[in-house]
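Please read the structure below before turning to the comments.
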Amino acid sequence: MKKLFLSFAVVGSFLLYSTYIKRGDLIITPVIIPKSQMLSPESGGNTTEGFDNIQNPVNPSIPATNLSVHPTSTPIVIKQTPTPVTTPKGQFRDGTYTGSVADAYYGNIQVAATFQGGKLTDVSFLQYPNDRDRSIRINQYAMPILRQETITAQSSQVDIVSGATDTSQAFIESMSSVFSQAKNV
Amino acid sequence: MKQTRLLMDMPITVEIINREATGEDIDNIFTYFTYIDNTFSIFKESSEITKINKRKICKSDYSQDMRTVLALCEKTKRETNGYFDIKRKNLLDPSGLVKGWAIKNAAWMLKQMGFSDYYIDAGGDIQTSGKNEKGTAWSIGIRNPFNRNEIVKTLGIHNQGVATSGTYIRGQHIYDPHHQSALRSDIVSLTVIGPDIYEADRFATAAFAMGNKGILFIERLPGFEGYMINQKGIAMFSSGFDQYVASN
């Protein structure tokens, strides 16, 4: 699952870059193709921030995607398809950049990316989580893209209620009503 | 037969469906919880844990149950990358594990007594067995953290444990062990369904301390499902959670 997170981190960077520049200026054919957009572009407009802001999308009824990525030590190289539209130079300065270190819960992720001629030409991982399960293929662990909902009151009767312990809360509620009643109006 | 008593600073309910249950059977369960309270309550001057915290007992004199619990706490701490941690400000408080452990033991006692259909609910942490009065799975509601008179989810639970960690009680008493001074207040409730209440309780405690990431931890844990509510009233739940949701 950690490798899958990395894959999404890499893909996420492209999505962020693609919103940063106009579409058509930069067409990238990544090795890994998500079935649907996994990351919200609004999660962080500043592409130099690295991958700290990757979050679950706000509106995700998105099923988990099975991606096959071999967790080898070779970097995942993102190939580019040349675009018929002239890429304005200067959108990105040529060079190799090191991303910030992001907490992937079981360890850190850090990528390095290379730009050439205004295009992203290479991405590699400087750090990825060191975990006993490293040898397990990523597609056995779906990246947890979890569903969300607004809580709503249910009308059904139940046998038992589970909640955090409530004696103190009940006491507070009760006492506050006592104080309200006792107040000299 | 059903009884509720206030023990361990919370309401504890024991209900046994099997007709042969007697008041004495239920008494025995509450006697056990009283023993647990007297041993592990940090609010009791005379408890073993208080004496340990005051350095009045040395390790070689710890009771067997205390040793067991402390060992389980260590194990849980390792399994949760330190997010389950009973040490706070140099004092030990194993209540995040003791509650589930004690309920599990008490449920085992009922099973030994020959009962098949019952539940034990200690402060919202629940272990069920068999079926309810209607002959169906026990229905468990998740309390609305913003309104204790409402439930926000109905679950059908069969021989499993359900535990909820939350901050809306006792003024946000859950701390992030990795940042001792900071309170975890971004999520208000995390309900965990597990194979038994001991497992559900310890992981609910640990996962809650992880804040928003807690539900991801539960998602990755095989055999556990979770439902997490944040302070905005948005819930996020694990991918297998739906199988427990009863249709309304």
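In what follows, chains carry the letters A, B, and so on, assigned in the order in which the sequence lines appear, proteins first and then strands, with residues in each chain numbered from 1. Since the structure is predicted, the reported quantities are computational estimates derived from the model, not experimental observations.
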What is the distance from atom [atom1] of [X] to atom [atom2] of [Y], rounded to the nearest 0.5 Å?
X: A:T150; Y: B:I229; atom1: OG1; atom2: CD1; answer: 11.0 Å
X: A:Q148; Y: B:N230; atom1: CD; atom2: CG; answer: 8.0 Å
X: A:Q154; Y: B:N144; atom1: CD; atom2: CG; answer: 10.0 Å

Handout entry: Between B:I140, B:I142, B:D125, B:T191, the one whose heavy-atom pairs under 4.5 Å with chain A are most numerous
Key = B:I140

Exercise for the section: For chain A, find which of B:Y119, B:Y227, B:F237 contributes the most heavy-atom pairs closer than 4.5 angstrom. Expected result: B:F237

Practice task
Check the surroundings of atom CD in B:Q243: do more than 12 heavy atoms from other residues, nucleotides or ligands lie under 6.0 Å from it?
Solution key: yes

Exercise for the section: Count the heavy atoms belonging to other residues, nucleotides or ligands that lie under 6.0 Å from NZ of B:K111, then report whether that count exceeds 12. Expected result: no

Exercise for the section: Applying side-chain contact (heavy atoms from CB on, under 4.5 Å), run through A:L146 and B:L216 and close with a yes or a no. Expected result: CA-CA 8 Å; A:L146 301 178; B:L216 297 182; 3.7 Å; yes

Is it the side chain or the backbone of [X] that comes within 4.5 Å of chain A heavy atoms, both, or neither?
X: B:I215; value: both
X: B:K232; value: neither
X: B:A204; value: neither
X: B:A137; value: backbone

Taking all heavy atoms of [X] and all of [Y], pick out the closest pair and write down the distance.
X: B:S165; Y: A:A164; result: C-CB, 4.4 Å
X: A:I160; Y: B:I126; result: CG2-CD1, 3.5 Å
X: B:T154; Y: A:S156; result: OG1-OG, 2.9 Å
X: B:R143; Y: A:G163; result: CB-CA, 4.1 Å

Exercise for the section: Would you indicate whether the side-chain heavy atoms of B:D242 and A:R147 approach each other to under 4.5 Å? Expected result: yes

Practice task
Output yes when a side-chain donor or acceptor of A:D159 lies under 3.5 Å from a complementary backbone atom of B:W138, and no otherwise.
Solution key: no

Exercise for the section: Kindly determine whether A:I151 and B:I234 satisfy side-chain contact (heavy atoms from CB on, under 4.5 Å), including the steps that lead there. Expected result: CA-CA 6 Å; A:I151 57 170; B:I234 307 293; over 6 Å; no

Practice task
Go through the side-chain N and O atoms of B:T164 and A:S162 and say whether any donor and acceptor fall under 3.5 Å apart.
Solution key: yes

